[in-house]
Participant: 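Take a look at this one; I'll ask things after.
Nothing fancy with the numbering, it's 1 onward along the sequence. Ligands are counted one by one from 1 in listed order, and the atoms in each one are counted from 1 as well.
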Amino acid sequence: MGSTENSHTTDRRFGTLAVHAGAPHDPSTGAVIAPISLSTTFAQTSVGKPVGLYEYTRSANPNRDNFEQSVAALENAKYALAFSSGSATTAVVLQSLAAGSHIVSVSDVYGGTHRYFTKVAAAHGVHVTFSPSIELHVEDLIRPNETKLIWIETPSNPTLGLVDIQAVADIAHRHGILVVVDNTFMSPYVQNPLNNGADIVVHSVTKYINGHSDVCMGVAAFNSESLNERLSFLQNAIGAIPSPFDCWLAHRGLKTLHLRAREATKNATAVALALEASPHVLAVNYPGIDSHPHRAIAKKQHRDGMGGGMLSFRIKGGQKAAHDFCKFTKIFTLAESLGGVESLCEVPSSMTHAGIPKDQREAAGVFDDLVRMSCGIEDSEDLKADVLKALETVVKEAKINGYA
Ligand SMILES: *Cc1c(COP(=O)(O)O)cnc(C)c1O
């Protein structure tokens with residue numbers, strides 16, 4: 001399923017592919033937008049001879065196929081497979097490994113990925129070693145004949161550190177090991193890991209690809225025929241598939257990804273620079289500005305050196321100030337998740353990363369005063385003003401209440 005038409009991938013650019021890939025007109029009515037195909041089963045004219053391409057919706061569905069073709073085109077992949085969540089995508093990739101397999105992963109993976117690696121994979125005999133500096137140490141952590149996968153998330157969450165995908169892939173491939181990149185934070189518009197040597201790219205579609213905070217879904221994209229055989233078998237066998245309605249919604253969201261990603265980058269850059277200039281801020285993590293320690297990787301690996309819509313910063317005044325800041329913003333909503341049209345903020349140490357022990361958290365830069373922001377596509381002047389006003393209110397409250 002989900003294989004792209006070559007005419008799409010060879011000569012068309014991102015915006016054109018986003019709008020048209022996997023979006024054929026309905027052949028029976030001419031409808032420009034595909035209908036939502038809710039039928040769970042499809043008629044056969046004689047035994048084993050379905051009328052069209054479809055038999056049963058878990059195995060394949062027109063809306064899922066369309067969405068998969070679109071993502072494959074945007075990730076410059078031959079194949080894409082959609083799942084019921086980003087987490088289900090991770091689970092299926094991990095379940096494709098034989099018992100006794102070993103994985104080397106970056107330390108700062110998404111919390112749910114860390115949970116699956118440490119609490120679920122082990123039950124299937126798959127073991128994971130975490131590395132805080134994978135470019136430097138991956139070679140030493142590879143176990144001959146056992147290591148099957150390298151897992152990268154770049155940028156890292158919530159400190160936005162970058163990994164040089166090609167550098168890690170070069171080492172992995174010398175040992176015959178596959179590289180998976182979780183590209184959720186950048187989206188296919190800003191970064192295409194398969195172009196940097198990755199073998200599989202995964203996304204939580206819930207975030208930028210759908211982009212409207214109203215679908216939970218995941219996707220994996222890759223080029224290998226044998227991976228397609230194995231993973232599409234598991235997609236059907238495990239059955240963690242998205243509904244036709246969610247595929248249709250996510251496909252609609254995807255058509256404006258390039259516009260949203262550009263606007264979110266513009267907004268995050270404006271907010272990052274405003275934060276950096278503020279006397280109430282200790283440090284800003286944003287790969288789109290020159291102060292970022294991995295800026296050179298961003299310039300090499302991201303489209304036009306874009307930084308994406310995510311940033312984090314340390315506020316002066318500790319955890320209390322971080323909590324207050326998220327309470328006082330009026331446009332940024334205090335909530336988990338990211339990648340939607342609306343701006344969100346949260347305090348990772350108390351929310352998304354609360355499950356990680358404090359010493360481990362702080363070793364990774366996740367201090368109690370760190371605030372994570374997902375910049376949406378509102379007007380950048382309004383976002384900047386919202387952030388600066390909230391910073392001032394934090395300082396004023398601290399003075400009034402005597403903890404400044
Ligand atoms: C949200 C997220 C996931 C998990 O995706 P779900 O759709 O919530 O299951 C995985 N990786 C990253 C980087 C995420 O942000």
Participant: Could you tell me, atom by atom, which parts of ligand 1 come under 4.0 Å of a heavy atom of S204?
Facilitator: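 Within the 4.0 Å cut-off of S204, ligand 1 contributes 1 (C), 2 (C), 3 (C), 4 (C), 5 (O), 6 (P), 7 (O).
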Participant: Give the atom numbers and elements of ligand 1 that come within less than 4.0 Å of a heavy atom of S87.
Facilitator: 4 (C), 5 (O), 6 (P), 9 (O)
Participant: To the closest 0.5 Å, what do you measure between CG (N183) and OG (S204)?
Facilitator: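 It is 11.5 Å, given to the nearest 0.5 Å.
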Participant: For atom CZ of R58, decide whether the heavy atoms of other residues, nucleotides or ligands shown that lie under 6.0 angstrom number more than 12.
Facilitator: yes
Participant: More than 12 foreign heavy atoms under 6.0 Å from CG of N145: is that the case here?
Facilitator: no
Participant: Going by side chain to side chain donor-acceptor pair (under 3.5 Å), name the residues that satisfy it together with S133, two or more places apart in sequence or in a different chain.
Facilitator: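 Checked S133 against side chain to side chain donor-acceptor pair (under 3.5 Å); matches are H137.
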Participant: E153 heavy atoms, cut-off 4.0 Å: which ligand 1 atoms fall inside?
Facilitator: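 The list of qualifying atoms is 13 (C).
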Participant: Would you mind checking which non-hydrogen protein atom is closest to atom 11 (N) of ligand 1, with the distance to 0.1 Å?
Facilitator: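 Here the nearest protein heavy atom works out to D182 OD2, 2.7 Å.
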Participant: Report the nearest protein non-hydrogen atom to atom 10 (C) of ligand 1: residue, atom name, distance rounded to 0.1 Å.
Facilitator: Y110 CD2, 3.4 Å
Participant: Flag the pair H114 / F130 as yes when their ring centroid distance falls below 6.0 Å, and as no otherwise.
Facilitator: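 Aromatic pair counts; centres sit under 6.0 Å.
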Participant: Could you find the nearest protein heavy atom to atom 2 (C) of ligand 1 and give me its residue, atom name and distance?
Facilitator: K207 NZ, 2.5 Å
Participant: Looking at K330 and D386, is there a salt bridge between them, counting it only when a charged N and a carboxylate O are closer than 4.0 Å?
Facilitator: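 Looking at D386 and K330, the cut-off is not met.
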Participant: Going by distance only, is there an N or O of G86 that falls short of 3.5 Å from an N or O of ligand 1?
Facilitator: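 Yes; at least one N/O pair falls below 3.5 Å.
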